[in-house]
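These numbers come from a predicted model, not from an experiment. In what follows, every chain begins at residue 1, and chains take the letters A, B, ... in the order their sequences are listed.
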Amino acid sequence: MTRSIGLRALVLSLVILTIFLAAWHVAVSGGGGGGQTVDPEYAKLVGAAAATGGQTPMPGPIDVGRTIWKHLSDPFYVRGTNDMGIGIQLAYSLARVLLGFGIAVAVAVPLGFLIGMSPLVYRALDPFIQVMKPISPLAWMPLALYTIKDSSLSSIFVIFICSLWPMLINTAFGVASVRKDWLNVARTLEVGPVRKAFTVILPAAAPTILTGMRISVGIAWLVIVAAEMLVGGTGIGYFVWNQWNNLSLTDIITAILLIGLVGMVLDQILARLTRLVTYQE
Amino acid sequence: MASSYISIEGIARRFPAPEGGKTTIFEDLWFGMDRGEFVCVIGHSGCGKTTVLNILAGLDEPTEGAVIIDGKAIEGPSLDRAVIFQSHGLLPWRTVLGNVAYAVASKWRDWPKAKVEEHARKAIATVGLAGAEMKKPSQLSGGMKQRVGIARALSIEPKIMLMDEPFSALDALTRGTLQDEVRGLCRTTGQTVFMITHDVDEAIYLADKIVLMTNGPDARIAEIVVNPLPADRSRHDVHKHPAFYPVRNHIIDFLVTRSKSFAAELATPGKVWNRRSPPLVTPGAPDPTPPLARAV
């Protein structure tokens with residue numbers, strides 16, 4: 001039964017996809033492009049659509065498919081600062097996200113432990129966390145650029161600051177809500193504080209901590225696109241903005257799809273890890 | 001009292017009340033236990049039984065007074081005192097073996113892993129769970145989980161076992177089997193046990209002495225019932241002993257009425273009661289003096 005429902009869902013997904021692609025194709029091929037002839041030199045310079053004076057037509061699924069194929073068949077070329085393969089751009093973004101996220105893990109988990117274990121620290125830090133949490137991470141960007149004076153490091157900082165809060169809050173919550181019974185078991189066995197932290201509190205709170213990480217990595221991947229649009233240079237966000245300046249909608253749609261796919265993979269990796277540490281009571 | 005193995009000396013426990021002031025759970029509690037004795041405490045919820053157990057375990061501290069065990073005052077938890085928790089308290093991410101080995105490795109920190117495991121396996125086999133070592137607690141039934149809890153407590157070879165209603169969450173059949181096993185284990189090893197229960201029959205079957213506590217707040221140890229049943233009693237004929245029903249009735253009388261009205265009972269003229277040595281009573285024994293002049 002489960003297999004058949006999985007199969008039926010797959011068929012339904014494919015049907016929906018087909019309908020969507022067909023509708024898209026029909027919608028964009030309705031208004032045909034102009035048939036004017038222009039000077040090929042001029043057209044090369046400003047783009048065919050601009051040369052004819054018309055708007056860039058919305059690309060259809062076939063155009064996009066062709067562009068995706070073009071990008072995927074050569075993802076890592078470098079032909080200058082503004083012309084690099086989409087694989088390289090994605091790698092830049094991923095590296096920034098992983099670096100910022102990694103630093104955030106290194107800060108949030110120990111700090112979250114401290115907050116979760118001490119009601120005093122929890123109360124003392126709570127107002128700061130409550131104020132910092134709702135700040136859009138991009139609002140930090142000017143301050144980061146001013147103090148760090150490096151656009152790439154600034155975007156890593158922005159990733160760090162946006163990944164920090166969900167992990168910090170989840171770690172503190174997970175640590176604070178470890179069952180009293182388990183702590184009492186450790187106490188009656190005269191387990192020392194360090195051993196208790198690693199053998200009781202960490203495994204007990206691990207599912208909550210990893211859920212925080214999963215939220216964080218999702219947010220980080222959302223924010224990196226916007227951050228790279230702001231600071232420019234490299235990365236998938238910059239690629240999208242650059243293609244917007246080129247009025248290349250097929251490239252933009254390709255990038256959007258790839259951003260979604262990479263985000264899904266990141267999320268799935270953390271979902272897997274969460275499942276590994278989840279225990280059944 | 002001073003010669004007792006475990007000596008509870010004038011302990012009190014007060015909590016700050018929500019409306020200010022303090023709630024006294026109990027006050028000036030005195031009680032002694034000998035080595036190898038099996039003592040059950042019976043009383044209604046809220047009388048502070050669990051608090052007494054937690055103080056004995058070192059998980060809680062008395063507001064006043066002290067508990068002396070083997071000549072030394074309790075200062076925090078100790079591996080000499082094993083606790084069997086009502087909710088079994090197993091770590092769900094560890095296997096059965098992992099849970100027991102965790103306790104063994106905590107007691108003998110310099111033991112190599114193989115020795116720890118071997119010792120843990122032995123304890124698991126003692127409670128009849130050989131073969132289930134690699135299971136996670138979530139794969140076990142309630143009775144099996146509690147068995148693992150018992151194996152964990154036994155594995156560290158404690159001087160005293162503290163049990164907080166260990167069988168209350170189990171069905172009657174499993175409870176009976178586990179009672180038999182615990183009684184057998186404790187009798188062969190001469191284990192000193194302090195156990196909290198709500199179950200009168202369980203207390204009569206298991207205990208040498210049954211401590212009757214009045215209702216809280218300000219709970220007291222009203223009296224201590226010395227179990228007149230022979231030591232080699234068995235589950236299937238314990239209720240046929242002539243002393244069984246007198247003991248049972250005495251305890252039920254206490255729980256139903258006297259636990260509430262004990263203060264009034266104390267006020268009756270001629271009643272002698274010393275909180276430092278609560279009276280020992282043996283209902284059903286051929287004793288010339290009646291169990292107590294009933295005040296109700």
**Asked** Just wondering, are more than 12 heavy atoms of other shown residues or ligands nearer than 6.0 Å to OH in Y92(A)?
**Response** no
**Prompt:** Quick one: what part of T278(A) sits under 4.5 Å from any heavy atom of chain B, side chain, backbone, both or neither?
**Reply:** neither
**Message:** Report which part of L162(B) has an atom under 4.5 Å of a heavy atom belonging to chain A: side chain, backbone, both, or neither.
**Reply:** neither
**Prompt:** Hey, which of R109(B), Q139(B), H88(B), Q86(B) has the most heavy atom pairs under 4.5 Å with chain A?
**Reply:** R109(B)
**Asked** Are more than 12 heavy atoms from other residues, nucleotides or ligands located less than 6.0 Å from atom CG of L12(A)?
**Response** yes
**Item:** Heavy-atom closest contact (E190(A) atom, S78(B) atom, distance)
**Value:** OE2-CA, 3.1 Å
**Asked** With only heavy atoms counted, which part of L59(B) is less than 4.5 Å from chain A, the side chain, the backbone, both or neither?
**Response** both
**Prompt:** Taking atom types as modelled, is there a side-chain donor on R195(A) or S106(B) under 3.5 Å from an acceptor on the other?
**Reply:** yes
**Request:** Measure the OG1-CD1 distance between T188(A) and I156(B) for me, rounded to the nearest 0.5 Å.
**Result:** 7.0 Å
**Item:** chain A interface, residue from P158(B), G58(B), S87(B) that has the most non-hydrogen pairs under 4.5 Å
**Value:** S87(B)
**Request:** Keeping the roles fixed (side chain from W182(A), backbone from L90(B)), state whether a donor-acceptor pair exists under 3.5 Å.
**Result:** yes
**Complete:** Turns out that what part of A206(A) lies under 4.5 Å from chain B's heavy atoms comes down to neither
**Message:** Do Q280(A) and P92(B) make a side-chain contact, defined as non-hydrogen atoms from C-beta onward lying under 4.5 Å apart?
**Reply:** no
**Over 12 foreign heavy atoms within 6.0 Å of CZ, F15(B)** = yes
**Prompt:** In terms of heavy-atom proximity below 4.5 Å to chain B, should V200(A) be classed as side chain, backbone, both, or neither?
**Reply:** both
**Request:** Could you tell me whether Y279(A) atom OH has more than 12 heavy atoms of other residues or ligands within 6.0 Å of it?
**Result:** yes
**Taking every non-hydrogen atom, the tightest pair across L189(A) and Y102(B)** = CD1-CD2, 3.9 Å
**Request:** Taking all heavy atoms of F85(B) and all of V185(A), pick out the closest pair and write down the distance.
**Result:** CE1-CG2, 3.5 Å
**Prompt:** Is it the case that more than 12 heavy atoms not belonging to K135(B) sit under 6.0 Å from its NZ atom?
**Reply:** no
